[in-house]
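Encoded as structure tokens, the structure appears first; notes follow it.
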Amino acid sequence: MAAIFAEIANILEIQESNPFRIRSFRRAAQIIENLSFNVTGTIQKDPGKLRAIPGIGDGTLQKIEELVKTGTCEELEKLKQEIPSSLLPMLKLQNLGPKKISVFWKKLNISTLEELEKAALQQKIRTLPGMGEKSEAKILKAIKNYRQIQGRFQLDDGIEISTNLVNYLKSKIKTNRIAAAGSVRRRRETVGDIDILITCKNSSKAIQTFVQHPDVTQVLASGNTKASIVLRRGLQADLRVLEDNSFGAALQYFTGSKAHNVALRERAKRMGYKINEYGLFKIQDGVKIAGAEEKEIYHLLELSFIPPEMREGRGEIEQADKQELPLLIEQKDIKGDLHMHTKATDGQNSIVEMATAGTKFGYDYIAITDHSQALAMARGLNEERLLQQIEEIDKVSAKIPKIKILKGIEVDILSGGKLDLRDQVLSKLDIVIASVHSQFNLSKMEMTDRICRAMENQYVNILAHPTGRLLTRREPYLIEMEKIIDAALQNRVCLEINAHPSRLDLSDVHCRMAKEMGVLLSINSDSHNLQMLNYMQYGVFTARRGWLTPNDVINTYPFKKLCRVLGKKEYN
DNA sequence: GCCGTTTTCGGCCCGACTGTTTTCAGTCG
């Protein structure tokens with residue numbers, strides 16, 4: 001549904017329709033994408049709930065209703081008749097927007113990427129007003145870049161690359177303050193580019209140093225205060241050079257998201273202020289009243305400080321206005337890790353090694369949860385080997401009393417929702433994690449039923465990585481998340497946030513959905529070796545983006561309380 | 001298309017960089 005509204009916006013843009021109407025469609029698309037409830041169900045039960053969201057008006061509501069009822073949208077179908085659909089992908093080319101595309105189409109009858117390339121090669125572009133030789137070269141470059149498109153990167157890569165850039169600049173430039181902003185700071189599951197902010201008296205030296213980084217393959221722009229580069233790995237990075245007294249304002253501005261910033265600037269305007277990357281100004285006399293520190297901006301706008309992870313334009317400003325933001329979970333709240341593998345299956349370390357490492361993280365407990373027999377390629381445990389492992393855990397526990405070691409399993413959900421081990425065996429364990437590792441291409445209904453049935457088993461405590469997605473590599477399998485969450489609630493099953501940076505499943509939006517429906521979560525590293533225990537932080541980031549507090553996450557609980565939840569004696 | 005402590009009509013977030021101009025339009029974030 002979000003994609004349909006975005007497509008309407010794109011077509012209207014090429015048609016040079018009213019820009020504010022276009023923005024409204026864009027905004028509607030973004031709102032729908034970020035909703036923490038199911039649109040189809042809500043529009044039938046309680047359309048007022050949607051209409052009450054700022055940015056959703058009568059027109060959008062009507063189109064949503066139409067889409068739910070008929071599956072199509074008359075306006076979009078009409079618009080599609082008016083321009084060739086092959087124009088739309090051209091919007092993705094760098095430095096090419098709706099205006100130019102429209103001109104190419106109308107004046108040179110260009111309607112595909114290939115025709116555009118040909119026209120540039122034949123030097124026809126320069127015949128148009130406002131176009132020259134450089135325009136042609138830029139178009140050809142943009143087409144080349146588009147064809148080797150890199151897409152988005154995992155958060156862990158984004159953090160690594162931005163940290164390296166920050167350290168590189170720190171080592172070469174005299175600076176008071178330097179930080180990575182953007183989606184890296186918001187800890188989004190994937191990042192599209194890197195934004196670095198730096199304060200420096202010698203602005204041109206900072207820019208020069210940046211564009212001369214050894215990994216630069218392309219300089220997209222390089223001005224007095226701003227530069228954009230492409231790094232060897234295909235990731236774009238931007239640098240902004242600032243004065244000390246603007247650093248906080250710039251940090252706010254470039255941390256975004258766009259939706260959050262637009263809402264914040266609208267609020268500022270209503271209050272008689274103007275915000276930009278240099279500070280907060282009074283409109284009346286233009287006097288700057290904040291800029292050095294980010295927290296001043298929120299304070300002067302009469303909002304409680306909004307953590308970067310929440311800045312997605314998902315209602316956080318309204319909550320901050322009422323001083324009712326949730327107190328988000330932090331890494332230090334985590335008291336244990338409930339999902340990890342050992343050498344017995346596809347892990348690389350022993351139980352002793354994992355437990356010892358757990359004590360170094362300051363954990364009170366861990367759970368050993370190796371794979372079950374169906375996962376043959378991981379040498380999954382059958383009943384006999386699982387019983388042996390239980391005995392071994394008892395022995396290790398006696399040796400390392402500092403940490404509680406729960407006996408567990410990550411049991412496969414077979415087709416039809418049956419579990420891979422008998423109840424009789426599962427009953428001997430402290431913790432049972434269920435997950436799907438096979439037959440990914442079932443229909444939405446079949447997959448949902450399969451998972452819901454598995455959760456009905458009385459011994460299942462946690463459903464692991466429910467959508468099976470691998471970020472930037474594998475799409476999630478089709479499931480109806482609302483039904484899964486509801487089944488979890490009915491059966492007192494917790495949902496896992498798999499902290500592996502290529503999974504992060506549940507997603508932030510689904511975390512919030514689960515919380516709102518009253519389901520508990522667990523953040524697990526799914527470690528297959530000692531280093532992977534560090535992944536816990538990414539799970540915490542996602543939980544924070546899903547507005548979770550320690551209370552929503554069972555592995556922040558003291559051991560006794562955790563046991564009551566796992567025994568299904570207590571839930572919420 | 002959306003919205004209202006100035007408005008049901010008339011506004012709607014803000015600035016940097018580039019290439020083409022000779023004061024600015026288009027694009028981007």
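For clarity, every value in this text was computed on a predicted model and none was experimentally measured. Chain naming here is simple, since letters A, B, ... match the order of the sequence lines and numbering starts at 1 in each.
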- Task: Verify the contact: side-chain N or O of Lys269(A) to OP1 or OP2 of dC12(B), cut-off strictly under 4.0 Å; return yes or no.
- Result: yes
- Message: With a cut-off of less than 4.0 Å, is there a side-chain N or O of Ser228(A) near OP1 or OP2 of dA16(B)?
- Response: no
- Nucleotide opposite dT8(B) in a Watson-Crick or G-U pair, distances under 3.5 Å: none
- Query: Taking atom types as modelled, is there a side-chain donor on Lys124(A) or Gln122(A) under 3.5 Å from an acceptor on the other?
  - Reply: yes
- Side-chain donor-acceptor pair present, Ser507(A), Asp505(A), cut-off under 3.5 Å: no
Near DNA chain B, counting only heavy atoms under 4.0 Å, which residues of [range] show up?
range                       : result
residues 175-193 of chain A : none
residues 279-295 of chain A : none
residues 118-135 of chain A : Gly130(A), Met131(A), Gly132(A), Glu133(A), Lys134(A), Ser135(A)
residues 58-87 of chain A   : Asp58(A), Gly59(A), Thr60(A), Lys63(A)
residues 252-261 of chain A : Tyr253(A), Lys258(A)

- Task: Compare all side-chain heavy atoms of Ile14(A) with those of Leu88(A) and state whether any distance is below 4.5 angstrom.
- Result: yes
- Message: In the structure I gave you, are the side-chain heavy atoms of Ile4(A) and Thr72(A) within less than 4.5 Å of one another anywhere?
- Response: no
When rounded to the nearest Å, what value does the distance between [atom1] atoms of [N] and [M] take?
N       : M       : atom1 : answer
dC14(B) : dC9(B)  : C1'   : 25 Å
dG26(B) : dT20(B) : P     : 14 Å
dG1(B)  : dT5(B)  : C1'   : 24 Å
dG11(B) : dT6(B)  : C1'   : 12 Å
dC3(B)  : dT8(B)  : C1'   : 10 Å
dT23(B) : dG29(B) : P     : 30 Å

- Message: Give me the atom names and distance for the closest heavy-atom approach of Tyr278(A) to Lys288(A).
- Response: O-NZ, 2.7 Å
- Task: Might you point out which heavy atoms bring Glu330(A) and Val540(A) nearest each other, and give the distance in Å?
- Result: C-CG1, 3.9 Å
- Trace of the salt bridge (charged side-chain N to carboxylate O under 4.0 Å, His left out) decision for Arg185(A) with Glu294(A): CA-CA 13 Å; Arg185(A) 183 158 180 250; Glu294(A) 188 180 50; 2.7 Å; yes
- Message: I want to verify a distance call: between dG1(B), dC14(B), dA16(B), whose nearest atom is closest to the Lys274(A) side chain?
- Response: dC14(B)
- Task: Sequence neighbours left out, what passes salt bridge (charged side-chain N to carboxylate O under 4.0 Å, His left out) with Arg187(A)? Give chain and number order.
- Result: none
- Ser204(A) vs Asn202(A), side-chain hydrogen bond (donor to acceptor under 3.5 Å, both in side chains): CA-CA, chis, key distance, verdict: CA-CA 6 Å; Ser204(A) 61; Asn202(A) 186 345; 3.3 Å; yes
- Partner residues of Val39(A) under the side chain to side chain contact (heavy atoms under 4.5 Å, CB included) criterion, sequence neighbours left out: Met1(A), Ile32(A), Leu35(A), Leu50(A), Ile64(A)
- Query: Can you name the side chain to side chain donor-acceptor pair (under 3.5 Å) partners of Ser257(A), sequence neighbours left out?
  - Reply: none
Interatomic distance where [atom1] belongs to [X] and [atom2] belongs to [N] [whole Å]:
X         : N       : atom1 : atom2 : value
Gln218(A) : dT18(B) : CD    : P     : 13 Å
Ile53(A)  : dC2(B)  : CD1   : C1'   : 14 Å
Met271(A) : dT6(B)  : CE    : C1'   : 17 Å
Arg152(A) : dG29(B) : CZ    : P     : 12 Å
Ile297(A) : dC14(B) : CD1   : C1'   : 14 Å
Glu266(A) : dG11(B) : CD    : P     : 16 Å
Arg270(A) : dC3(B)  : CZ    : P     : 12 Å
Leu239(A) : dA16(B) : CG    : C1'   : 13 Å

Over all strands shown, is [X] touching base, sugar-phosphate only, or nothing at heavy-atom distances under 4.0 angstrom?
X         : value
Phe25(A)  : sugar-phosphate
Leu220(A) : nothing
Arg23(A)  : base

- Item | Contact state string [nucleotides 22-28 of chain B, B base, S sugar-phosphate only, - no protein heavy atom under 4.0 Å] | ----SSS
- Item | Of all pairs that satisfy salt bridge (Lys or Arg N to Asp or Glu O under 4.0 Å), the ones with a partner from residues 189-200 of chain A, not counting sequence neighbours | Glu189(A)-Arg469(A)
- More than 12 heavy atoms of other groups within 6.0 Å of Glu74(A) CD: no
- Query: Within a radius of less than 6.0 Å around CD of Glu82(A), do more than 12 heavy atoms belonging to other residues, nucleotides or ligands occur?
  - Reply: yes
- Item | Working for salt bridge (charged side-chain N to carboxylate O under 4.0 Å, His left out), residues Arg544(A) and Asp508(A) | CA-CA 8 Å; Arg544(A) 289 171 63 83; Asp508(A) 49 8; over 6 Å; no
- Task: Determine yes or no for a side-chain-to-main-chain donor-acceptor pair under 3.5 angstrom, with Arg177(A) supplying the side chain and Ala292(A) the backbone.
- Result: yes
- For salt bridge (charged side-chain N to carboxylate O under 4.0 Å, His left out), just list the numbers for Glu75(A) and Arg21(A), CA-CA rounded to whole Å, side-chain angles, deciding distance to a tenth of an Å, and then say yes or no. CA-CA 14 Å; Glu75(A) 172 147 14; Arg21(A) 184 161 182 257; 2.9 Å; yes
What side-chain donor-acceptor pairs closer than 3.5 Å can you find for residues 221-232 of chain A, not counting sequence neighbours?
residue, atom, partner, partner atom, Å
Ser228(A), OG, Asp238(A), OD1, 2.8
Arg232(A), NH2, Pro214(A), O, 3.2

- Item | DNA chain B: 5'-proximal contact among Ser222(A) and Ile22(A) (nearest heavy atom) | Ile22(A)
- Of Lys138(A) and Ile56(A), the one whose nearest nucleotide on DNA chain B sits closer to the 5' end is Ile56(A)
Review item, side-chain donor-acceptor pairs of residues 24-31 of chain A, under 3.5 Å, at least two apart:
residue, atom, partner, partner atom, Å
Ser24(A), OG, Phe20(A), O, 3.1
Arg26(A), NH1, Glu13(A), OE1, 3.4
Arg26(A), NH2, Asn10(A), OD1, 2.4
Arg26(A), NH2, Glu13(A), OE1, 3.2

- Query: Under 4.0 Å between a Lys/Arg side-chain N and an Asp/Glu carboxylate O for Lys118(A) and Glu114(A)?
  - Reply: no
